Amino acid sequence: MTDAQNRRRRSRWPVVGVAAGALVLAGGGVGVAEAAATPPALSFVAATGTVTAERYAAEGEVYISLDLGLHVIAGKDPFEIRAKRAGYDKPIVAYRTVRKNGKNTQVKLPAGTVRDFTGLTDFTTITIKTPAGKVVSSYRTSFCGNSYSSARTRRDAPASNPYPTRCGGENPFTLGSVWGVQAGWNAQVPDQPASAAPLAKLVAGRYIAEASVNPKYRKAFGIPAKNATAKVTVNVVDVKTDDEGLAAARSADAREEPALAMATTAGGHDRHTAEGDASRQVSAFRPEFRAAASRPATLKAAPKTGPKPDLRSLPAWGISMSQEGGRWYVNFGATVWNAGTSPLVVDGFRRTGTEVMDAYQYYFDAKGKQVGSRPAGTMQWDPREGHFHWHFTDFAQYNLLKADKKFAVRSGKEAFCLANTDAVDYTIKGAKWRPDNTDLSTSCGANTVVAVREVLDIGNGDTYSQDRPGQSFDITNLPNGTYYIQVVANPAKRLSELNTANNTALRKIVLGGTAGKRTLSVPKVYGIAG
């Protein structure tokens, strides 16, 4: 299950050259507003008993509108899973947090239940039948519990949900994820098949959709049989659409799933998603993102002890080659994350009448009280299309090194709008599970502000994709051979952190081919091909 699938209301999948259908499943089970005296640890429910689903096609492509309306509801205790690997060459191990005798205990999940950081593998089976009982389609979906659309389903449920809104795993170098459903709250269960094939035989008509939690999860999580299945009637109808309408639908889906690929970005410059016009956003809307009232009058040195961020570079990923205007470029994604004991907090204060800010890093004690600050370089206003925000100039640097690790090419990317784009390890102490500044519309301010605050929270990473000339590496005149993409965090050492020995990461690439047709191969690192 992807994060976008977890949060989307409707998705469409193309089926080329065949008829296809769409369904929305909902149905019986436990009433979501009903508070049981002793609710089961988990209940599997659907929102309604009969639904209408749309099928529409053009140019030999059939798109499917799919929203099954399946939900899991947690009982008197939260449902929580922690998945972690000790290293990139180590297997993922997952534990469920179980409340016993007033204490939390960790119960290891059976082998095979967690294969990656997207959720519990094959959690649900969905079977679609004709009214006569003939099986038309059957497929399985995963589940993590994290959701943008969760809500409490009982009046006595806690007032807030602490769990992340995304499953995680979008970054191939994720180390740890936390998945959960708050007590008395719901979480949407993905209903989207991994491909169009399971729905290819559906045509307009009436169907019965049956969904169930698979037996190994019923046993592992104590889900009673009566709370583990749902059945609904599905009416599939044809909807007429033209090529323009189909293109609009396809475009809408792309907007719904911006986090799935670094290429689906604001202006193609970076992986941040500009949801809304970032040039008109002001970061001071939220108290936690308000910069200090004024620049520090008396600067204190960085504390020698106490909480600090720890910036760590991940190996480059999403690496590809492109050609533009007769020149060849190596494109790549780069992530720097915070594995420390404090968020990285940088406030910028504008030099009156200019488009430059003086930046200061702030320090906090274990209770979150501000205890010091020091200069940390500058911020600059970026007026280019797709940006329109303040860039911090001393966060990271990207180089292409030769086989002997000597410098070859430098990326033109030199300034950054800090945002929590990736959940790298939510299992470490103090990790911020629900960061607010996850894209450009929630960070980095507008050109009308006098101050701005940029934050990289514990456990979170900031990913940029260098896929345009000036940011990607121009390798037109480089000879074939082995090279290394170097990602360097805090290159000028202006930021104070716990450890600077882990600020650099290398990723090997091999250039080949001819001047007219260059080739690129990227060996696995730690067994990871991403």
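From a predicted model like this one, the values you see are computed outputs, not experimental measurements.
Residues forming a side-chain contact (heavy atoms from CB on, under 4.5 Å) with Lys493 (at least two apart in sequence, or on another chain): Asn490, Thr500. Listed by chain and number, the residues in a side-chain contact (heavy atoms from CB on, under 4.5 Å) with Arg350 are Glu355, Met357, Trp390, Asn447 (sequence neighbours excluded). Every ring pair (Phe, Tyr, Trp, His ring centres under 6.0 Å) that Tyr88 has, sequence neighbours left out, goes to Phe173, Tyr526. Residues passing the side-chain contact (heavy atoms from CB on, under 4.5 Å) test with Lys429: none are found, sequence neighbours excluded. Partners of Arg494 by salt bridge (charged side-chain N to carboxylate O under 4.0 Å, His left out), not counting sequence neighbours, listed by chain and number: Asp394. Qualifying side-chain hydrogen bond (donor to acceptor under 3.5 Å, both in side chains) partners for Asp310, counting only residues two or more places apart in sequence or in other chains: Arg312, Asn502. Scored by the salt bridge (charged side-chain N to carboxylate O under 4.0 Å, His left out) test, Arg82 finds Glu80 as partners (sequence neighbours excluded). With sequence neighbours left out, the side-chain hydrogen bond (donor to acceptor under 3.5 Å, both in side chains) criterion links Asp425 to Lys84, Thr427. Partners of Tyr217 under the side-chain hydrogen bond (donor to acceptor under 3.5 Å, both in side chains) rule, at least two apart in sequence or in another chain, do not exist in this structure. Annotation: side-chain contact (heavy atoms from CB on, under 4.5 Å) contacts of Thr305 (sequence neighbours excluded): none.
Ring-centre distance between Phe332 and Tyr398: below the 6.0 Å cut-off.
By the 6.0 Å contact criterion, NZ on Lys508 is open, its count of non-hydrogen atoms from other residues, nucleotides or ligands being 12 or less.
Residues Thr335 and Trp317 have side chains in contact (heavy-atom distance under 4.5 Å, counting atoms from C-beta outward).
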*Could you give me the CA-CA distance, side-chain angles and deciding distance for Tyr329 and Phe473, then say whether ring pair (Phe, Tyr, Trp, His ring centres under 6.0 Å) is met?*
CA-CA 5 Å; Tyr329 298 93; Phe473 296 126; over 10 Å; no
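The CG atom of Leu344 sits 13.0 Å away from atom OH of Tyr362, with the distance rounded to the nearest 0.5 Å.
Paired with Val409 under the rule side-chain contact (heavy atoms from CB on, under 4.5 Å), one option of Leu478, Val330, Ile485, Asn477 passes, and it is Leu478. Here the rule is side-chain contact (heavy atoms from CB on, under 4.5 Å) with Phe392, and of Val452, Leu456, Leu495 only Leu495 fits it.
With a 6.0 Å cutoff to the six-membered ring centre and a 45° limit on the axis angle, Lys405 counts as a cation-pi contact of Tyr484.
Sorted by first then second residue, the salt bridge (Lys or Arg N to Asp or Glu O under 4.0 Å) pairs that include residues 473-491, not counting sequence neighbours, are Arg327-Asp474.
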Quick one: side chains of residues 106-114, donor-acceptor pairs under 3.5 Å with protein atoms, not counting sequence neighbours, listed by atom name and distance.
unit_1	atom_1	unit_2	atom_2	d
Gln106	OE1	Thr97	OG1	3.4
Gln106	NE2	Thr97	OG1	3.2
Thr113	OG1	Pro110	O	2.8

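Defined by atom type and a distance below 3.5 Å, a donor-acceptor pair is present between the side-chain atoms of Thr378 and Thr393.
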